[in-house]
Amino acid sequence: MLIKSSKKSQLQEHQVTDEKIYQQRRTLLKSLGFVGASSLLAPVKANAAVDWFGDEKQTAKLRSLAFEKATPGLDKLTPEQKVISHNNFYEFGAQKNQPAELSQSFNVNPWQLTISGEVEKPLTLDYDDLFKRFTLEERIYRLRCVETWSMVIPWIGFSLASLIKQAQPNSKAKYVAFETLYDPKQMSGQSNRRLGGGIDYPYKEGLRLDEAMNELSFLSVGLYGKTLPPQNGAPIRLVVPWKYGFKSIKSIVSIKLTDQMPPTTWNILAPHEYGFYANVNPTVAHPRWSQARERRITSGGLFAQNRIDTQMYNGYGEEVAHMYKGMDLNKYY
Ligand SMILES: Nc1nc2c(c(=O)[nH]1)N[C@H]1C(S)=C(S)[C@@H](COP(=O)(O)O)O[C@H]1N2
Ligand SMILES: [Mo]
């Protein structure tokens, strides 16, 4: 499943990866989702990345083949080292290198994620449920930050829709509100206003219910075949690939179905700069900079990057444009 693109010319992973390898890998991930994950994870500290592909010797070749061939052309994967060292996670500092440095003792097990609000069946998931309750799959998505840098990341997780369906939204449910953990003892940016970039915590995000139920909306528990490192939002974070990165809220403890549009962190902080929708749109500039182009962080030296055109909906228009038909995208930015 792979980079979804409106360009028919762009190949999907199963078209470029040897079919047999692709199938083997699917089976592997699926079986880990059902049986392997928790027994593999249990004895290991949650913030130590765990290799879900088992025996390194047997699977290294398979894995690197899959990762290398996954994304042809400009959409080469961003190297793992860059994905886990260049981050926005203001709870651990507002500079790109700070989350990786200041989150290493972040304890994510035990964890509780509650699904509440306008639902028939409120749910609480504990740490093991995050890895066992749903069939895990890999999805390679572009991530476009509103600051104009971008990456291509192989996530592991499950669809947000599969979780919401289990909670059974009632007829009043129109929006979905998300919250990050509030724990100033562990998250130094929450107790130090300057380090935390002046945000009022907990970090909050939201989606319209139809956006949340879109097949692309994803809850990630891993990347590059391992559990999420803390700086990328362990143990579970949202990934909404057609929206600016700030919508993809990290380290989630609450998902609440609501009848009103929920308040969201960046919109509260600067409403003229950051809207509720925040769909990637090269034709609507941020008040202080253009969104027409982006810096794709690639392999190569520390600052290697390709300057490329930004695509409408980050290239996922075929899957999502119908949700915004008739809306004035200059108004609903
Ligand atoms: N809780 C929380 N979630 C967050 C952020 C944050 O500061 N706090 N930053 C957002 C922004 S601006 C981006 S671009 C992405 C970055 O995700 P990455 O570090 O995994 O690349 O996380 C988003 N999720
Ligand atoms: Mo961002």
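Atoms within a ligand are numbered from 1 in the order they appear, just like the ligands themselves. What's counted below: heavy atoms across the whole structure, side chains too, no hydrogens, waters or symmetry copies.
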- Cut-off 3.5 Å, side chains only: do Asn87 and Gln98 have a donor facing an acceptor? no
- Query: Is there a donor-acceptor contact under 3.5 Å linking the side chains of Glu118 and Asn170?
  - Reply: yes
- Message: One thing to verify: whether Lys185 and Asp183 come together as a salt bridge, which I'm taking to mean a side-chain N less than 4.0 angstrom from a carboxylate O.
- Response: no
- For ligand 1, indicate whether the residue Glu91 contacts it via side chain, backbone, both or neither (heavy-atom separation under 4.0 Å). side chain
- Task: Compute the minimum heavy-atom distance from Glu147 to ligand 1 and say whether it is under 4.0 Å.
- Result: no
- Where do Val240 and Ser217 come nearest, in terms of heavy atoms and distance? CG1-OG, 4.4 Å
- Report the part of Phe89 (side chain from C-beta onward, or backbone N, CA, C, O) that has a heavy atom under 4.0 Å from ligand 1; answer both or neither where that applies. both
- Message: Only heavy atoms of Leu143, strictly under 4.0 Å: list the atoms of ligand 1 that pass.
- Response: 21 (O)
- The answer for which part of Arg237 has a heavy atom under 4.0 Å from ligand 1 is side chain
- So which of Arg144, Arg295, Glu294 actually passes side chain to side chain donor-acceptor pair (under 3.5 Å) with Ser150? Glu294
- Identity of the nearest option to atom 22 (O) of ligand 1, non-hydrogen atoms only, from Glu179, Lys250, Arg144, Lys82: Lys250
- Any idea which atoms of ligand 1 are less than 4.0 Å away from a heavy-atom of Tyr90? 6 (C), 7 (O)
- Task: List every atom of ligand 1 that sits less than 4.0 Å from any heavy atom of Thr180, numbering the atoms from 1 in the order shown and giving each element.
- Result: 1 (N)
- Check: Tyr203 ring centre within less than 6.0 Å of Phe178 ring centre: no
- Message: Measuring centre to centre across the rings, with the benzene-like ring taken for any Trp, is Trp266 within less than 6.0 Å of Phe276?
- Response: no
- Message: Which residue and atom name correspond to the protein heavy atom nearest atom 6 (C) of ligand 1, and how close is it?
- Response: Tyr203 CE1, 3.3 Å
- Task: Considering only non-hydrogen protein atoms, determine which one is nearest to atom 5 (C) of ligand 1 and report residue, atom name and distance to 0.1 Å.
- Result: Asn88 O, 3.5 Å
- Message: Check for me whether the distance between the ring centres of Trp242 and Tyr316 falls short of 6.0 Å.
- Response: no
- Message: Is it the case that ligand 1 has an N or O less than 3.5 angstrom from some N or O of Trp155?
- Response: no
- Task: Enumerate the atoms of ligand 1 whose separation from the nearest heavy atom of Ile249 is less than 4.0 angstrom.
- Result: 3 (N), 24 (N)
- Query: Pick one: which of Tyr333, Phe246, Tyr244 meets ring pair (Phe, Tyr, Trp, His ring centres under 6.0 Å) with Tyr274?
  - Reply: Phe246
- Query: Taking only heavy atoms of Ser248, which atoms of ligand 1 are found under 4.0 Å from at least one of them?
  - Reply: 22 (O), 23 (C), 24 (N)
- Query: Does His86 reach ligand 1 with a nitrogen or oxygen that is under 3.5 Å from one of the ligand's nitrogen or oxygen atoms?
  - Reply: no
- Message: Closer than 4.0 Å to some heavy atom of Cys145 - which atoms of ligand 1 meet that?
- Response: 14 (S)
- Query: Which of the listed options, Gly197, Ala100, Gly245, holds the heavy atom that is closest to atom 15 (C) of ligand 1?
  - Reply: Gly245
- Do any nitrogen or oxygen atoms of Trp266 come within less than 3.5 Å of a nitrogen or oxygen of ligand 1? no
- Task: Kindly say whether Gln231 contributes a backbone atom to a donor-acceptor pair with the side chain of Lys250 at under 3.5 angstrom?
- Result: yes
- Message: Do Asn88 and Cys145 make a side-chain contact, defined as non-hydrogen atoms from C-beta onward lying under 4.5 Å apart?
- Response: yes
- Heavy-atom contact under 4.0 Å between Ser251 and ligand 1? no
